[in-house]
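To keep things clear, I will list the structure first and then write my remarks on it.
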Amino acid sequence: MGWAIALHGGAGDIPRSLPPELRLPREAGLRHCLDVGIAALKAHKHPLDVVELVVRELENHPHFNAGKGSVLTSSGTIEMEASIMDGKSKRCGAVSGLSTVVNAVSLARLVMEKTPHIYLGFHGAEAFAREQGVETADPSYFITPENIERLKQAQEANRVQIDYTQPIQKEPNDAAAAARIPNGDSQIGTVGCVAVDGEGNLASATSTGGLVNKMAGRIGDSPIIGAGTYANHICAVSATGKGEAMIRGTVARDVAAVMEFKGLSLKEAAAYVIDQVPPGNAGLVAVSSTGEIATVYNTAGMFRASASEDGYSEISIWDSPIKVSN
Amino acid sequence: MGGWAIAVHGGAGVDPNLPKERQEEAKRLLTRCLDIGISALRSNLPAIDVVELVVRELETDPLFNSGRGSALTEKGTVEMEASIMDGPKRRCGAVSGLTTVKNPVSLARLVMDKTPHSYLAFAGAEEFARTQGVELVDNGYFITEDNVGMLKLAKEANSILFDYRVPTLGTCCIGVGAALESPIQMNGLPISVYAPETVGCVVVDKEGRCAAATSTGGLMNKMNGRIGDSPLIGSGTYACELVGVSCTGEGEAIIRSTLAREVAAVMEYKGLNLQEAVDNVIKYRLDEGKAGVIAVSKNGEVACGFNTTGMFRGCATEDGFREVGVW
């Protein structure tokens, strides 16, 4: 038992040949966010506070697809979304269609705590943000040159691209690419964090800019309770991947359901659920009330980090964890 | 066993003091919708087409809280949402924040069929509607005199009861509540001004394909931008190989409980049959809230369940079973 935490910066077709200038800042980001989370848990912060804190850090980091560094819609604009859930009470909050709110996950928390609703979107969510006095910025704050480039490539290839770590295949009919990835899109996008404390309090939060070149108004799985985010008294889950697949698969909810109804362990349940999603489409991080950790994906890789009170700690992109000096 | 089955609903949470003529009006509409669905099923229309057809009828009629006759936002406007799901491959489509689209369920279907996405909302959804050439009308078209009156009452009730923006901690103004005619509340509103959220339809066709669709104007006096359970796959709507489910009631409770998915999950993982699953979920899995569920199974069964004071509903199966009810 004891506390445990896991966080992700997105699952996708992350090539092993990822150049250092793309890999190192992300690894450093994961390490930093893990440290923030661990410090908070050691200071006995409630997991709900911990996941919010960590996801805020991930949102502020320009190399992950959330907050600053969010990918762009087909109109070149920013539309961010997030959700957060408290396991014991099942209270939750979600937001979509944000264009000026610096930390979507914090607004989601405010929806949960300050309104009788769970989910606010678009102009209503932006108005609420102003009412609450949260930090806002000009949309240009969130836009990075890399994402402008990604959008350009996606539009040239006329595709909705979910993976943003590498340029789109110039040959959409590339058989190898098509075989590896359904419909030629590679996937990534989203950040998230799950945490449990020594008392079994669980929480989950997920945040994203969505898909490169998505239609304006497109909502993915990240703000949808049961799809991208879920927490109850059994476990907390944050998922990443192709939103449409996570929605139809009710991925986050299913992990807890399968543990409860089939008696599987967290790791078994996570593997079972990810297995149901078409290959190359999904990943998740999860923790259980007893301090288990699971990080599972059926993509080439998933930016992730996790740690538990017994001293375990890991930062990884692909299967072999990067050595962490404790 | 086997054969088609259909269920429709016009919302859970009915004012016990609802005048008799309103109840009869509701039953007539539910009957009409059942007949439309049954006729379509007899013409071998697939389940996904039948649910869309029936929900369109419910949206167009101003009686229930969807399309025309939608509940109003705090600003007195209408913001509609809907979702639809096709069991066999679990394809789905959803929309939120619609203000000019005459039939939200049909736009949800177009999201499913014509885009690489599952869910479009607000300005982006309205823009998509324009590109698809669906029927668009002025927001005023959806607003009924009845609901303008209800909104006024809801605002008055909220100012009496408690600050609606502060979530209750389990204690409310009991004394003040007693002063109101109906102490029953749904989602923080007295039942007399609560507009049962949502209409829905679930169908299994002769081939055993299940489908579900749900549509709503949402919670009376809701904050602009508020999204409820109706467009959320797994919460208000769900369909898979086994079952088609549509929920109605306190949206926030339905979301916390991922209610529609729950029905399918207990069937899948615990082996409950349809009625057992619906009863189990309403009784044990609904997280501190009031809601209703309609569902059909691939075996041609139909089931309804609710823990509210009433649910406007109708169901029928190929072997002749038929029922329309309010309580």
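Convention: sequence-line order gives letters A, B, ...; per-chain numbering from 1. These values consider heavy atoms only, across backbone and side chains, with no hydrogens, waters or symmetry-generated copies.
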B/Arg285/A/Glu260 ion pair, N-O < 4.0 Å: yes
Check whether any side-chain heavy atom of [X] sits under 4.5 Å from a side-chain heavy atom of [Y], and report yes or no.
| X | Y | answer |
| --- | --- | --- |
| B/Ser235 | A/Ile225 | no |
| B/Glu127 | A/Met215 | no |
| A/Cys92 | B/Arg256 | yes |
| A/Phe128 | B/Asn224 | no |
| B/Leu219 | A/His117 | yes |
| A/Asp254 | B/Tyr269 | yes |
| B/Leu232 | A/Tyr119 | yes |

Counting only heavy atoms closer than 4.5 Å, note whether [X] contacts chain A via side chain, backbone, both or neither.
| X | value |
| --- | --- |
| B/Arg261 | side chain |
| B/Ala123 | neither |
| B/Glu268 | neither |

What parts of residues 79-88 of chain B touch chain A if we use heavy atoms and a cut-off under 4.5 Å? B/Glu79, B/Met85
Interatomic distance, [X] atom [atom1] to [Y] atom [atom2] [nearest 0.5 angstrom]:
| X | Y | atom1 | atom2 | result |
| --- | --- | --- | --- | --- |
| A/Glu244 | B/Thr115 | CD | OG1 | 7.5 Å |
| A/Thr115 | B/Arg226 | OG1 | CZ | 9.5 Å |
| B/Thr258 | A/Arg253 | OG1 | CZ | 4.0 Å |

Chain B contact via A/Ser96 - which portion, at a heavy-atom distance below 4.5 Å: neither
Let me know if A/Leu120 has heavy atoms under 4.5 Å from chain B in its side chain, its backbone, both or neither. both
Counting heavy-atom pairs under 4.5 Å with chain B, which one of [options] comes out on top?
| options | result |
| --- | --- |
| A/Thr73, A/Asp221, A/Ile219 | A/Ile219 |
| A/Gly97, A/Ala127, A/Gly121, A/Gly226 | A/Gly121 |
| A/Lys90, A/His123, A/Arg248, A/Glu79 | A/Arg248 |

Closest non-hydrogen atom pair between B/Glu252 and A/Ile118, with its separation: O-CD1, 3.3 Å
Looking at A/Thr250 and B/Gly234, what are the two nearest heavy atoms and their distance? CG2-CA, 4.1 Å
